[in-house]
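Please read these numbers as outputs of a predicted model, since none were measured by experiment. Just so it is clear: chains get the letters A, B, ... in the order the sequence lines come, proteins before strands, and each one is counted from 1.
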Amino acid sequence: MAATTSSTSSSDPSPGPEPEPESKPNRSSRKRRTEPVDNPEEELVLGSAPADAEDGDDGDSEDSEDSVYSGLEDSGSDSDDSDPESGDEDRPEETCKDEGDVALDTEVQTEKNLEPQKDEYEQDSSDEEDIRNTVGNIPMEWYADFPHIGYDLDGKKILKPIRTKDELDQFLNKMEDPDFWKTVQDKQTGQDMVLTEQQVALVNRLQKGQFGDVNFNEHEPSVDFFTHEVMIHPVTNRPSDKRSFIPSLIEKEKVSKLVHAIKMGWIKPRRTQDDSRGRYYDLWASEEQGKTRDMRMHVPAPRAALPGHEESYNPPPEYLMTDEERAVWEQQDPIDRKLPFVPRKFSCLRHVPAFERFIHERFDRCLDLYLCPRQRKMRVNVNPEDLIPKLPRPRDLQPFPTTQAMIYRGHEGLVRTISASPSGQWLLSGGDDGTARFWEVSSGRCLKKVEVGGAIKSAVWNPNHNLSLVALSVGSVVLLVSPPSTAADKQVVTATERLLSDEVEPAAGEGPVVWSNAEGEELHQGIRMKIQHPKPVTQVTWHSKGDYLAAVMPDHSSHLQVLIHQVSKRRSQNPFSKNKGLVQSVAFHPIRPYFLLATQRSVRIYNLLKQELSKKLQGNAKWISSLAVHPAGDNVICGSYDCRLSWFDLDLSTKPYKTLRHHRKAVRSVAFHRSYPLFASASDDGSVIVCHGTVFSDLLQNPLIVPVKVLKGHVITHDLGVLDVTFHPSQPWVFSSGADGTIRLFT
Amino acid sequence: MSQLQTRFFTEDKRYVVDDVPFSIPAGSEIQDLSNVINKLLEAKNASHKKVDFDFLVKGLFLRTTLSTHMETEGISTEDVVEIEYVEKITAPEPEECMMHDDWISSVHADTECKNLTSLLLTASLDHTVILWEWNSEKNKVKARHCCRGHTGSVDTVATDPTGTKFCSGSWDKMLKIWSAVPTDEADEIEEPADRPRKKQKTQQLGLTRTPIMTLSGHNEAVSSALWIDSDEVCTASWDHTIRIWDVESGIMKTTLTGSKVFNSISYSPLCRRLASGSTDRHIRLWDPRTKDGALVLLNLTSHTGWVTAVKWAPSNEHQLVSGSLDNLVKLWDTRSCKAPLYDLAAHEDKVFCADWTEGGLMLSGGADNKLYSYKYSPCQTDAGA
């Protein structure tokens with residue numbers, strides 16, 4: 001030790017105390033490592049000298065404090081660790097018992113106390129403690145069950161001090177020993193030790209929350225490294241380097257190397273993680289959807305209507321009910337009432353009585369809430385245009401009549417009925433003025449006028465090409481009239497002549513019908529034969545062969561409503577023996593031996609050969625007005641006074657295949673074209689509606705019905721518009737007769 | 001206003017101007033152009049009197065402003081426009097109104113009244129055609145022949161150019177060819193045995209004549225027939241067809257199919273076109289020589305009713321007259337197909353017939369019992385053409 005000291009002094013020639021402290025730690029540390037056990041005396045001498053030199057006034061105290069501090073760090077920690085254990089069981093006796101240990105301890109303590117400079121490194125290591133116990137810095141309770149407490153340097157067990165003190169000893173100790181309060185057990189050694197004054201002072205300071213070092217000034221004035229004030233001049237006035245504004249060659253080289261490496265494919269770009277492949281499971285994905293669906297499906301409870309002026313106790317006078325309104329209100333059903341109460345007026349709020357309908361009202365509200373459908377109605381979002389069936393454009397369905405071409409004037413009064421000749425050259429009309437007129441279609445000239453002395457209800461041209469004959473119904477008489485001789489071929493006229501002049505003995509007295517030949521003036525006019533009926537005849541119609549003629553005498557009470565006449569044999573028969581309702585219209589089937597009979601609500605089809613009812617068509621019409629059969633025979637149209645036109649497909653159903661409600665007033669007459677796929681309906685609204693109606697030979701295909709044209713022209717007279725409609729037999733033209741006394745041709 | 005380079009020319013020797021291009025405002029109308037021509041003529045000839053002109057650009061009458069016309073017709077405005085001008089066709093003036101006792105269904109003008117007697121043909125609803133002899137001196141007619149054979153009303157008759165034959169079309173769908181030469185012999189006709197002879201005799205006018213040939217083919221009534229030349233007959237029918245027949249062999253040569261009923265046809269030997277009037281208000285021009293069915297060359301649309309009569313002008317290849325159920329008679333020029341030249345609104349009822357005379361008169365008759373004649377002065381060039 002002395003040698004080192006001398007050497008130090010020799011190496012540092014300058015005398016005086018200052019340099020010594022710097023070299024001291026080195027020396028001491030070196031000495032520590034080489035020699036674990038120091039000589040306290042020498043160190044004491046060495047250490048005291050500089051301390052004195054530094055602080056002249058309180059050198060001793062400082063020294064001691066310094067040493068206390070540095071030494072206590074270890075011992076204090078030891079004592080802290082041991083406190084819980086030692087404080088509980090056996091603290092003071094240990095010191096007394098193990099004397100050797102105590103001696104060692106004290107030695108260490110003195111060493112610490114006396115040599116603060118040398119103890120600098122004791123803070124961070126347990127070298128000194130390890131002198132006796134080498135277990136290291138471990139919780140000492142690990143050795144609680146063992147008889148020893150650790151191992152010494154030689155590997156020998158250090159035995160726990162024997163503790164034989166009982167409660168009484170401990171109490172006596174406490175009573176007698178004045179140092180008992182500052183005796184703690186050293187956990188590492190298991191010995192009791194008495195804290196020194198310095199150590200007690202340190203504990204007191206720490207307990208007060210002060211710094212352990214007395215000399216540490218916690219309120220030192222702080223000195224800025226740079227001033228905090230912003231200065232106008234830079235810290236340095238050095239101009240910036242050239243390299244700060246010149247691109248770095250080195251960097252450029254590096255970059256070019258990287259670029260080259262990337263080009264050559266040595267470096268590959270980092271592959272980005274693709275999360276969409278399902279690296280993460282989206283736990284909330286379905287949950288979220290469900291939640292929004294719930295949100296969307298939410299149906300709030302219906303709101304109660306807010307009170308309006310009517311509910312006011314002092315409503316404006318216009319909200320008060322007049323007597324009539326009140327009477328109406330009282331007559332109405334409670335459901336139909338616009339207001340559930342009668343608005344009343346009070347001069348002030350005080351006069352308003354209790355609301356007697358309160359329970360009712362609450363109950364209604366509860367019913368509203370209860371019956372409110374808490375489910376959203378799934379409204380199908382359909383474009384209304386898509387629901388309309390795809391119909392061809394009328395333009396593509398040409399030809400059909402479009403414009404009025406000719407007006408046949410001459411009738412005075414209603415023209416009730418018209419009929420075109422089978423050749424299409426002539427038109428027969430009959431009206432309320434008691435005349436039947438024959439018109440030339442192409443020029444509009446009235447060729448012949450037959451006075452019959454009564455309103456003509458029905459006029460029909462015989463459909464047989466080999467006969468030139470028309471039938472008129474005037475009152476209760478059916479007249480057979482021959483058209484002007486030029487209207488047909490001479491041979492046809494001759495054949496008709498022969499048919500009518502044949503002397504056939506009518507079956508007299510057989511029925512209610514009387515046949516008679518016309519004579520005199522009537523014969524001159526062309527009237528050939530009269531068939532007297534018991535009742536007024538409203539309609540006559542020919543069978544397509546031209547020999548049979550059906551006459552309708554509507555009557556509620558009789559079964560004698562329809563008569564079928566056979567011209568060649570002057571014979572009449574009543575086909576029906578029962579009254580099935582008021583007969584409106586009859587028609588012969590164009591091909592098969594069927595007879596169609598329209599009553600007010602239904603159309604019956606009778607098989608004439610089998611003498612049975614073959615079909616009954618139930619339209620939804622209230623009052624059928626007219627009937628027409630398609631020339632192919634499988635379809636029937638019915639016009640009715642409730643503005644409808646019903647198309648029946650006989651093969652399909654007894655219900656209408658299609659109902660057209662295009663007319664605004666009663667439909668008076670319907671007609672089919674003989675060759676073109678056209679049908680027309682005439683109505684009291686003054687219009688004729690022409691529809692395209694293709695019937696397909698394929699039974700699976702339903703007829704195509706397209707309304708193509710509304711023909712207007714007739715003037716509405718006495719609330720009557722168009723009374724009859726008929727088609728030209730060969731051209732797509734339609735004739736209509738109206739209440740205004742005209743017949744019009746539309747082409 | 002932009003200017004157009006135009007060059008005026010005419011075939012009328014009286015009104016020739018120098019063949020130099022003029023710059024004309026594009027918005028100028030007929031009156032402006034007419035003034036220009038009149039100015040030029042006055043500069044040339046001091047004694048010139050003002051004349052109204054009509055102008056044709058590429059064969060079509062100018063009816064709007066020059067620029068609009070060229071735009072609609074797609075004529076380039078870059079080049080020099082060749083404009084032909086003709087003297088304006090003056091409006092036909094109603095000259096005479098001849099009242100009749102009843103509707104006039106047919107009118108025919110004839111210039112050959114040199115002889116004292118001439119032959120007339122009448123077709124009737126009573127299925128006969130009667131050949132009359134008319135003595136113009138005594139103003140008496142005598143029925144020479146009653147042509148029987150049709151079983152429907154006879155709607156049309158026409159004599160061939162030589163005057164020896166005539167054809168008749170009837171509602172019974174037949175076309176019959178008859179001899180037009182009056183003889184004193186009656187053709188035999190088989191009568192129904194049971195017909196009261198006496199009664200028939202009293203009704204008969206003249207000697208009975210039977211047809212030389214009967215041509216069937218139409219499906220509907222024959223409404224109009226005419227001779228194209230001495231061995232070709234053209235018929236129009238309600239079955240929407242126009243058929244051309246070879247009279248010598250008695251076969252049908254061509255069928256032109258329309259879409260509506262034909263009321264009337266007319267043929268012009270000058271332009272070799274057929275004009276047809278039909279129930280759909282249109283007048284259509286056809287070329288009868290085409291073999292491939294329907295080929296409508298031109299549609300003249302202005303009438304609002306059935307066109308009941310069409311007639312080409314005898315001396316002008318462009319002009320025709322039409323009568324319609326809308327009470328109007330219209331004068332057309334095929335070079336101005338959008339609108340007629342003149343509407344003649346003299347009739348008060350349906351017009352059924354119309355014709356021209358060689359002397360420049362137009363005739364029309366109708367359901368108002370009036371036969372109107374219109375004075376019409378065709379310009380000199382057209383008359384010469």
Side-chain angles (χ1 to χ4, degrees), chain A residues 395-410 421-426 438-448 465-466 468 483-499 501-502 674-676 713 728-734 744-747, chain B residues 102-106 124-128 148-155 170-174 189-196 199-200 203 219-221 223-224 237-240 258-264 278-281 303-308 324-326 349-353 366-367:
Chain A
R395 203 184 309 152
D396 304 334
L397 299 173
Q398 295 264 16
F400 54 83
T402 52
T403 49
Q404 177 179 304
M406 192 112 54
I407 304 177
Y408 304 89
R409 295 182 196 275
S421 76
S423 67
Q425 195 181 5
W426 307 100
F438 295 89
W439 308 86
E440 194 189 16
V441 168
S442 58
S443 66
R445 185 170 172 90
C446 178
L447 206 72
K448 186 177 176 184
H465 280 276
N466 296 320
S468 175
S485 62
T486 55
D489 184 11
K490 282 194 184 65
Q491 295 193 344
V492 171
V493 173
T494 318
T496 315
E497 197 79 23
R498 205 178 300 137
L499 172 77
S501 56
D502 270 353
R674 199 184 287 177
S675 50
Y676 285 96
H728 190 275
S730 56
Q731 301 293 338
W733 300 346
V734 67
R744 286 163 202 256
L745 167 64
F746 298 94
T747 65
Chain B
D102 211 335
W103 293 11
I104 299 160
S105 65
S106 176
S124 162
L125 279 176
D126 64 2
H127 314 171
T128 59
R148 297 171 57 193
H150 280 296
T151 58
S153 62
V154 186
D155 294 339
S170 157
W171 191 269
D172 63 2
K173 307 164 192 174
M174 298 298 172
I189 186 166
E190 66 273 23
E191 290 285 338
D194 57 346
R195 181 173 288 269
K199 192 178 172 188
Q200 186 65 33
Q203 287 174 352
N219 302 321
E220 289 282 335
S223 57
S224 183
S237 161
W238 278 41
D239 63 359
H240 310 178
S259 62
K260 288 286 183 325
V261 166
F262 289 111
N263 284 321
S264 168
S278 60
T279 59
D280 60 352
R281 315 190 302 274
H303 280 297
T304 56
W306 289 10
V307 181
T308 48
S324 161
L325 291 189
D326 60 4
D349 207 342
K350 299 182 270 278
V351 179
F352 288 130
C353 51

How long is the gap from CG on Asn263(B) to OG on Ser442(A), to the nearest 0.5 Å?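 Output value for this atom pair is 7.5 Å.
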Rounded to the nearest 0.5 Å, what separation is found between the CD atom of Glu440(A) and the OG atom of Ser153(B)? 6.5 Å
Please look at [X] and chain B and tell me whether the side chain, the backbone, both or neither of the residue comes under 4.5 angstrom of a heavy atom of that chain.
X: Glu497(A); result: neither
X: Ser443(A); result: both
X: Gln425(A); result: both

How close do [X] and [Y] get, heavy atom to heavy atom, and via which atoms?
X: Trp306(B); Y: Ala405(A); result: NE1-CB, 3.0 Å
X: Thr747(A); Y: Thr279(B); result: OG1-O, 4.1 Å
X: Ile407(A); Y: Lys350(B); result: O-NZ, 4.2 Å

Residues in salt bridge (Lys or Arg N to Asp or Glu O under 4.0 Å) with Arg281(B), at least two apart?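 Result, salt bridge (Lys or Arg N to Asp or Glu O under 4.0 Å) vs Arg281(B): none returned.
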What pairs with Thr496(A) under side-chain hydrogen bond (donor to acceptor under 3.5 Å, both in side chains), at least two apart in sequence or on another chain? none
Heavy-atom cut-off 4.5 Å, strictly under: side chain, backbone, both or neither for [X] against chain A?
X: His240(B); answer: side chain
X: Asp349(B); answer: neither
X: Leu125(B); answer: both
X: Trp103(B); answer: both

Give the C-alpha distance, both sets of side-chain angles, the deciding distance and a yes or no for side chain to side chain contact (heavy atoms under 4.5 Å, CB included) between Ser423(A) and Trp171(B). CA-CA 9 Å; Ser423(A) 67; Trp171(B) 191 269; 3.8 Å; yes
